[in-house]
K.L.:
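Handing you this structure, nothing more for now.
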Amino acid sequence: MLEISVLRDDKNRVKEGLLKKNVRESDIESVEVIISLDDERKQTQTSLDNILSELNVLSAQIGDLFKTGKQEEANVLKARVNDLKESSKTLETRLKDIKDELEEKIISLPNIPHSSVPVGFGAEDNEVFKLNETDMPKLPENALPHWELAEKYNLISFKAGVTLTGAGFPLYIHHGARLQRALINFFLDEAANAGYMEYMPPILVNKETARATGQLPDKEGQMYHCEKDDLYLIPTAEVPLTNIYRDTILQKEVFPIKLTGYTPCFRREAGSYGSDVKGLNRLHQFDKIEIVQIQHPDFSYETLMDMVAHVESLLNKLKLPYRILRLCGGDMSFGSALTFDFETFSAAQGKWLEVSSVSNFETFQSNRMKLRFKDQDGKMRLAHTLNGSALALPRIVATLLENNQTNEGILIPEVLQKYTGFDIIRS
RNA sequence: GGUGGGGUGGGUGAGUGGCUUAAACCAACAGUUUGCUAAACUGUCGUACUGGAAACGGUACCGGGGGUUCGAAUCCCCCCUCCACCGCCA
């Protein structure tokens, strides 16, 4: 959620930013509406406060009159009080309406992109920030896509997943299951070594939690919702991890706060059925290790690059070819100010697959969740929040299977061998 | 799920309708003093909105929401949550 003070003080930069995010012209004009609504809010608040103030004075007087036995004088004042209460109720209702409308308007505005974000509408406009093809494989002639490898080596059954649940819920088997566990442990260990504190959060969250990180109301339809208890299955560990610090005033020099956690992630992926859903390419349930940092605003962009470097080191250790994209305004998520996507090259499919997304949200999330700190002057300020996948498993598995296939079997990267307990998967 | 008891500032904890402007203590911060650590003393010490150049004011907030009353931390209703016991259970 954008800060109203920023809208007021930096109106043109906000409008340009919204334009870069391809917000509709009519919605950009809501900046003006928000400012005038806020003026009205202030005015109404002041009128209400004045009435309440007078009510407080009168009540005290009535109390005194009662004590000195002057019933009649007290009754005169009571009449006046009743009038004032009428007006205050009207103003209260009015104020609530204004606040609701203001909230609705401002919460529907996305974050303003960082100045380095390229202009563009979709994936084709993203900037290739870095390309690393040193680990590009030479595949055998009869190379198979991962869904065929999964079947051939009995690693994953998509069919059984359909039986148990439905499409997009694969069943991992034997070495396939073991590989999942190995990757989870590897990623968590790497994060711990990089100074992230490990958490194991709940994977069902309430409305307020989902709202604070920006999933609600923007992505309502993309989350699984348990209606009976009004809880949401998390689409990413970012949601519970960041919310650990909801409604917090941080003390002194605690920055940066570094958190990590493994969770399954659940996404309805409504409306995304199409070409890219084969095998592990797009799932309703998948496993992911998330890294989150909470940082002082002055250092959040250094932190973003630090997180990018961490993700890069994982891909290097796994010896996967990858590229890093700086997302354009149109392809960025709602709350992000700057996002780097990581893609690995899945050689048998001949496709780049997104395996991580690392973003700086600046104050967009912290404003919603009131995550603050006191700066040098004792002034209350919003902290910056950042997060990234490190990493999401399915497409890593897809790439590993495809890129490491040989005529003898599928080779396990050296760094994973102590976690899997085997160095090759044979049929 | 049932019954009972709780939820007050960073912490402990007083407060059962107006003397509360939420006491007191601890912690924290600043200053004074003493040969160091420390102690003592003095002062500061919540959040949000709002008026003001500032000084300094106004309003709201005692788990959340609603109600009674001229007036609510205090009384009533609903919800959340913690503790104890019972029931069920991995």
Side-chain angles (χ1 to χ4, degrees), chain A residues 1-9 34-107 200-212 216 226-232 240 243-255 257 264 363 365-383:
Chain A
M1 188 160 67
L2 294 172
E3 298 160 70
I4 291 188
S5 59
V6 173
L7 256 59
R8 283 183 177 280
D9 300 344
I34 287 166
I35 292 173
S36 64
L37 268 174
D38 194 47
D39 288 336
E40 206 179 336
R41 177 190 62 82
K42 284 188 191 184
Q43 219 177 359
T44 311
Q45 181 79 60
T46 305
S47 312
L48 177 61
D49 284 354
N50 288 339
I51 290 176
L52 291 177
S53 175
E54 196 176 342
L55 276 172
N56 285 341
V57 171
L58 289 174
S59 291
Q61 288 176 2
I62 291 171
D64 288 338
L65 290 174
F66 270 131
K67 258 176 268 170
T68 49
K70 296 174 182 164
Q71 296 281 342
E72 278 178 29
E73 285 180 52
N75 287 334
V76 174
L77 287 186
K78 273 198 198 181
R80 169 82 182 132
V81 162
N82 283 331
D83 285 350
L84 285 173
K85 277 172 85 175
E86 286 287 312
S87 329
S88 79
K89 273 187 182 148
T90 311
L91 281 174
E92 255 168 30
T93 310
R94 176 84 192 114
L95 187 62
K96 190 180 179 304
D97 289 347
I98 293 170
K99 280 182 172 173
D100 287 349
E101 198 183 342
L102 199 54
E103 162 93 2
E104 189 194 319
K105 284 248 166 17
I106 200 159
I107 210 166
M200 191 177 277
I203 58 179
L204 283 169
V205 296
N206 59 34
K207 269 205 162 79
E208 183 48 37
T209 299
R211 200 193 73 91
L216 291 178
C226 303
E227 249 177 60
K228 226 172 180 175
D229 297 288
D230 200 13
L231 297 172
Y232 293 86
N243 268 280
I244 292 170
Y245 284 90
R246 170 147 54 94
D247 271 319
T248 301
I249 298 168
L250 299 169
Q251 299 296 327
K252 295 179 185 171
E253 295 309 315
V254 292
F255 295 120
I257 295 169
T363 61
Q365 293 180 328
S366 58
N367 190 31
R368 285 194 188 196
M369 69 172 77
K370 296 194 174 65
L371 166 47
R372 296 164 294 171
F373 68 99
K374 273 190 183 163
D375 71 6
Q376 304 281 4
D377 316 327
K379 240 187 82 180
M380 204 64 88
R381 294 180 65 187
L382 294 166

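Note on naming: letters A, B, ... go to the chains in the order of the sequence lines (proteins, then strands), and numbering restarts at 1 for each one.
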K.L.:
Using atom P of each nucleotide, how far apart are B:U44 and B:C56 to the nearest Å?
P.N.:
12 Å
K.L.:
Between C1' on B:G65 and NZ on A:Lys207, what's the gap in Å once rounded to a whole number?
P.N.:
16 Å
K.L.:
Whether the A:Glu54 and A:Asn50 side chains hold a donor-acceptor pair (N or O, under 3.5 Å, no angle test) is what I'd like checked.
P.N.:
no
K.L.:
Between B:C78 and B:A28, how far apart are the C1' atoms? Round to whole Å, please.
P.N.:
39 Å
K.L.:
When you check the gap from the basic side-chain N to the acidic O, do A:Glu103 and A:Arg211 get nearer than 4.0 Å?
P.N.:
yes
K.L.:
Quick check on side chain to side chain contact (heavy atoms under 4.5 Å, CB included): which of A:Ile249, A:Leu382, A:Leu250 does A:Leu371 satisfy it with?
P.N.:
A:Leu250
K.L.:
Closest approach to the side chain of A:Ser59, judged atom by atom: which nucleotide of B:G18, B:U47, B:U50 is it?
P.N.:
B:G18
K.L.:
Rounded to the nearest 0.5 Å, how far apart are CD1 of A:Ile51 and OG1 of A:Thr46?
P.N.:
11.5 Å
K.L.:
Which of these nucleotides, B:G71, B:C49, B:G58, is closest to any side-chain atom of A:Ser53?
P.N.:
B:G58
K.L.:
Closest to the A:Leu52 side chain: B:C70, B:A60, B:G46?
P.N.:
B:A60
K.L.:
Of all the nucleotides listed (B:G71, B:U47, B:U50), which has the minimum atom distance to the side chain of A:Lys85?
P.N.:
B:G71
K.L.:
Any strand is fair game: report the nucleotide pairing with B:G35 by Watson-Crick or G-U wobble, both distances under 3.5 Å, or none.
P.N.:
none
K.L.:
Report the distance from atom CG of A:Leu102 to atom P of B:A48, rounded to the nearest whole Å.
P.N.:
18 Å
K.L.:
Should the heavy atoms of other residues, nucleotides or ligands under 6.0 Å from CD of A:Glu86 be counted, would the total exceed 12?
P.N.:
no
K.L.:
Hunt down the Watson-Crick or G-U wobble partner of B:G4, both distances under 3.5 Å, from any strand shown, or write none.
P.N.:
B:C83
K.L.:
Would you mind telling me which of B:C70, B:U47, B:C49 lies closest to the side-chain atoms of A:Asp49?
P.N.:
B:C49
K.L.:
Are there more than 12 heavy atoms of other residues, nucleotides or ligands under 6.0 Å from atom CD of A:Glu92?
P.N.:
yes
K.L.:
Measure from CG on A:Asp39 to P on B:U50 and round the result to the nearest Å.
P.N.:
11 Å
K.L.:
Please report the distance separating the P of B:U81 from the corresponding atom of B:U68, rounded so that it comes out in whole Å.
P.N.:
28 Å
K.L.:
Can you tell me how far P of B:G65 sits from NZ of A:Lys96, to the nearest Å?
P.N.:
11 Å
K.L.:
For B:G57, give its Watson-Crick or G-U wobble partner with both distances under 3.5 Å, or none.
P.N.:
B:U50
K.L.:
B:C62 pairs with which nucleotide, Watson-Crick or G-U wobble, both distances below 3.5 Å?
P.N.:
none
K.L.:
Taking atom CE of A:Met200 as the centre, report whether more than 12 heavy atoms of other residues, nucleotides or ligands fall under 6.0 Å from it.
P.N.:
no
K.L.:
Using the C1' atom as the reference point in each nucleotide, state the distance between B:A73 and B:A22 in Å, no decimals.
P.N.:
8 Å
K.L.:
At under 4.0 Å between heavy atoms, what does A:Lys42 touch on the DNA or RNA strands: base, sugar-phosphate, or nothing?
P.N.:
sugar-phosphate
K.L.:
Using atom CD of A:Glu54 as one end and atom P of B:G58 as the other, report the distance to the nearest whole Å.
P.N.:
15 Å
K.L.:
My understanding is that a pair needs two contacts under 3.5 Å, Watson-Crick or G-U wobble. By that rule, which nucleotide pairs with B:C89?
P.N.:
none
K.L.:
Nearest-Å distance, NZ (A:Lys228) to C1' (B:G1)?
P.N.:
14 Å
K.L.:
Out of B:U47, B:G51, B:A60, which has the shortest distance to the side chain of A:Asn56?
P.N.:
B:A60
K.L.:
For B:G58 versus B:U69, give the span between their P atoms, rounded off to a whole number of Å.
P.N.:
28 Å
K.L.:
What is the pairing partner of B:C19, taking Watson-Crick or G-U wobble pairs with both distances under 3.5 Å in any strand?
P.N.:
none
K.L.:
Give the rounded distance in Å between these two atoms: CD of A:Glu3 and P of B:C49.
P.N.:
11 Å
K.L.:
Looking only at atom C1', what distance separates B:G9 and B:C76, rounded to whole Å?
P.N.:
27 Å
K.L.:
Using the C1' atom in both, what is the distance from B:G67 to B:G10, to the nearest Å?
P.N.:
33 Å
K.L.:
Rounding to an integer number of Å, can you tell me how far A:Arg372 CZ sits from B:U47 P?
P.N.:
8 Å
K.L.:
Does any nucleotide pair with B:G43 by Watson-Crick or G-U wobble geometry, both distances under 3.5 Å, and what is it?
P.N.:
B:C29
K.L.:
Write down the distance separating the P atoms in B:A60 and B:G66, rounded off to the nearest Å.
P.N.:
15 Å
K.L.:
I want to verify a distance call: between B:C70, B:C49, B:U47, whose nearest atom is closest to the A:Arg41 side chain?
P.N.:
B:C49
K.L.:
Assuming nearest nucleotide by heavy-atom distance, tell me which of A:Lys89 and A:Ile249 is located more 5' along RNA chain B.
P.N.:
A:Ile249
